[in-house]
Structures are given as structure tokens and as C-alpha cells.
There are 2 protein chains.
Amino acid sequence: MTNTLTETLMNSGYGSSFSLVLDRQRGELVEAPVKLERKGVSTERTIDALKSHSEAERRRRARITAHLDTLRSLIPATTKMDKASLLGEVIRHLKELKKNAGQACEGLMIPKDNDEISVEEQGGLNGFPYLIRASLCCEYKPGLLSDIRQALDALHLMIMSADIATLEGRMKNVFVIISCKEQNFEDAACRQVLTGLVHQALRSVLNRFSVLQDILGTRKRRRVSIFSSSSSEDFL
Amino acid sequence: MTNTLTETLMNSGYGSSFSLVLDRQRGELVEAPVKLERKGVSTERTIDALKSHSEAERRRRARITAHLDTLRSLIPATTKMDKASLLGEVIRHLKELKKNAGQACEGLMIPKDNDEISVEEQGGLNGFPYLIRASLCCEYKPGLLSDIRQALDALHLMIMSADIATLEGRMKNVFVIISCKEQNFEDAACRQVLTGLVHQALRSVLNRFSVLQDILGTRKRRRVSIFSSSSSEDFL
DNA sequence: AAAAACACGTGAGCC
DNA sequence: TGGCTCACGTGTTTT
């Protein structure tokens, strides 16, 4: 594109000087109603308006293509790629990143200040008959996970995977749980009972830990935290 | 926009029927060189070409705007937003997500099959004098974290934060550790000694666990894993 | 009134 | 040659 401004202007709109217009429905050329009825407006005004209009439009296009170029630089292997295809790739990457961010944020967000237990069904994916997704946010408690595992054993459940994030003495865990026994999971009521049991089990483990922690706290004045551990109180 | 196709066609290109063109350099209207010198080509051919051309262009535009709409649906608060601004928001979100994905993947990747201990200095951020980043990948061992904390206590070190990911009986931990004592961390040799000590401490904790696990394993034939736990072997 | 945003048809250039 | 993508200027609509 080495056209000068003048060249571009001189070259544009030739086809329309036929005073003919394509009627798509009839498939033929028809006379265009020549709109010279601009009697009142002065020619200079028209020129200025036209000029500023096309210039504004040019600026708008420049803005858009600049952003498009930025996107090209952001997404790999999109140089020399079609404008539409580029946008398609942008969409693909955006969805991909959002998916990753979603599972990263959902499972591993910073633990909140308030305690939280949530248990919900997870649609039977990958041929697994029935999965439960349990989330737990509480004070940091070493050994909590093994206690939870034992509690779930009693329900004939297995922890398939666990994501654990800890920060400033608090922890957030997200488990994916599967049933060990053959059961009728088509029944919604049955499923609801199971999730209720899981919730109850997690709650009881948490309570047990809290009681234990209270005892230790009153007896030894020890605060369970990875920040200020027992022996490190001697220093700093 | 309630124009029919025909109306749109009839309305477009009126201005060009003046046979005048704006010469931007001279700032005035000049006669457009009427390009009727298409003597050889038949009118039908021209019509067909023009028709297919504009139709193709229309399809291309439709493709692009469709992608743009998809982007609008993907990114919040972009309805009724300018096309250029929309692309700007897309760029912003893309950068944001890429940044998050980067830091999420760095510390919390899926645990590998081979055991790994890595200890490295972490540039003194946030005004903290000296930080150590320790990464540990091994079999899943409940209670490992508290043992590590105790071992680090002996070195007068504190775990500031821990990211833990577990999958299929294996775990990967990433710790950020800080010194409790005032020390000369300007000296590179001193720092290297410290990281070495941390590495050694982690190794010893890991070995201790392995030995314990071996004893339990030979005596009770129990496999420590969140997949097949002791009591769940009775079912399934 | 006036500026911004959009869809349109068209000429140029590139396989 | 045809099929395509792109930038352009323009008419229309919206603000």
C-alpha cells in the first residue's frame, strides 16, 4: 500500500459515476436517482463536511487496526493471518485462558477469612458414575486431610484429587470425591442424602479439630499457624 | 436498522454520482475521470463480477462482526460498547489472564512422577530482607507440612506461605520461607549456605517419612495414598 | 447541529 | 484468470 492520499481519492468511487445502481432482487442495473437536490447547501460546506467525515473515518479505522495489530503481537502464530481468523484465534485463546483461570481460581483462590464448607454434585464426567465436589475453608490444620479421608472412608467414599492452598495460617481445600460402592445415583433424593452426609462429615472433622485446638490453646498457649510456630517464638 | 437489502443498495453511493472527487491536496472538488473505457468487457460480466464481489465482501464483514459479537459475549460489560473500545477491552483481559495464568502455572503445576527438591533465592520483595523459594515434589504424605515447619524452625526460618497441589497420590509443595534472625544476607556465600541447609532439611524430612513408610509398609502391608486408603480396601 | 459509529459497495493487490 | 482480503469514502443512524 504505497498510495498517496490524492491517488486514493482519485481512484475511489469510479464505479458509481455510471449513475447506475445494482438492484440485487431484479439482478440488473437500474438508474440511480441522482441526488443533486442539495440546492440550499453551499459547495464549500459540503466539501468540508465530506473531508472531515472521511478523515474521522480514517482515524476510526486506524484505531481498530492498531488494536488488531496489538492482538496479533499478543497471540502466537497470527502474523500474516486473516483478520477474521485472527479474531477467531483470539476467541479460542480467551476461552482457553478463561477455562484455566476458572479452575485455578475456583479451586485455588486465596482462602477467605470466614470458614466455609460447600458440597455439591459434579456431573458424571469421564465415565465416572458419580462425583462430588467438596470445598472447605478454615484455619490451617496439619493432618486435616488424613482425618477427612478417614471420615469419608466411613461413608465408602474416596478422595480422587485434592487441591490445597494455604495462606497466612488459613487453608482452602477442594476435593473431588467418588463413591466406592455401586449405588443408584439416578435417584436425586439418594444423591442429596449423600452430599448431606459428606457435608456433615466435613463439619464433624472440623469441629473435632477446633475442640482439640482449644484444648491445646488453653493448656499450652500455642497458636497453630505456619506464621508463628511454637519454637520460632523464641526468635525475632 | 430496518433497511431491506434493496433499500440499502438504492441508498448507497449517491454522492459519487456527481462524477466529482475531492482532491485533498488542493482542497477542492475535481472532475473524476469517468472510467467508461471498459469497451471490451461485456456489461453482464461486469454486473456479475460486481455482484459476487459485493456479496463476498458482505460475507466477510458478517464473519468479522460475528466474531466481534462472540467477543462481546465473552467479556463482561462490553455490550453497547464501541468496536474499537471492545477490542481494547479484549486486549486488557487477554493480558490480565495471561499474567494470572503465568503465576498460577509456575507454582502449582501438576505434581510430576519423579521426586524433586529445589531451593532457590527469591529476590527481596515487598521490603522483606531475604526470601527463599523451596519446591518439593514427592509421594503424598499427610502431616509432611508440619514436619517441614519444625525442621525449618531449627534453622530459624519461617514458612510465609505454602501452595500445595495433590494429584493421584503425589503432592507438590511450593514454600516461601523467610529468616527470623537478623543476618548478613549481602554476603552471597552466606546465602548459599542457607539455601543448602534448607535443601538438606527438606531432604532429611523426606527420608524420615520414607523410612517410616517402609516400616509401616512391611509390617501392615498398607499403601499410603489417597486413592486406596486402608479402610476403603474392604469395599469396591 | 455536529460528531461518532456502522454497514455498504468498490478499486487495488495478492495468490 | 477468479477468489480473497483490505482500505477507502460515503450514506445513514445514533448520540
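Below, chain A is the first sequence line, B the second, and so on; all start at residue 1.
Residue A:R58 has no polar side-chain atom (N or O) positioned under 4.0 Å from OP1 or OP2 of D:dA7. Applying the 4.0 Å criterion to OP1 and OP2 of C:dC6, one finds that A:R60 has a side-chain N or O inside that range. Taking side-chain N and O atoms only, A:K83 has no distance below 4.0 Å to OP1 or OP2 of D:dC4.
In this structure, B:E55 atom CD and D:dG3 atom C1' are separated by 14 Å, rounded to whole Å. If you measure from atom CG of A:L50 to atom P of D:dC8, you get 16 Å, rounded to the nearest angstrom. Regarding B:L87, its CG atom lies at a distance of 14 Å from the C1' atom of C:dA5, rounded to whole Å. As a whole-Å value, the separation of B:I47 CD1 from C:dG9 P is 15 Å. In this structure, the NZ atom of A:K51 is 18 Å from the C1' atom of C:dA2, given to the nearest Å. Between B:R72 atom CZ and C:dA5 atom P the separation is 12 Å, expressed in whole Å.
The base of C:dC8 does not come close enough to the side chain of B:E57 for any donor and acceptor atom to sit less than 3.5 Å apart.
Panel note: side chain A:R72, backbone A:T78; a donor-acceptor pair is recorded below 3.5 Å. Without hydrogens or angle criteria, A:S85 side chain to A:M81 main chain gives no donor-acceptor distance under 3.5 Å. Between the side chain of B:H93 and the backbone N or O of B:E89 there is at least one donor-acceptor pair closer than 3.5 Å.
Heavy atoms of A:R59 sit nowhere under 4.0 angstrom from any nucleic acid atom.
Judged by closest nucleotide on DNA chain D, B:I64 is the one of A:R61 and B:I64 placed further toward the 5' end. Along DNA chain D, the nucleotide closest to B:K80 and the one closest to B:R63 are compared, and the more 5′ of them pairs with B:R63. Comparing B:H53 and A:H53, the nucleotide of DNA chain C nearest to each residue sits closer to the 5' end for A:H53.
Which of D:dT10, D:dC8, D:dC6 sits closest to the side chain of A:D82 comes down to D:dC6.
The partner of C:dC6 is D:dG11, by the rule that a Watson-Crick or G-U pair needs both atom distances under 3.5 Å.
Between B:L94 and A:I75 the shortest side-chain heavy-atom distance falls below 4.5 Å.
Under a 4.0 Å N-O distance rule, the pair B:D48/B:K51 does not qualify as a salt bridge.
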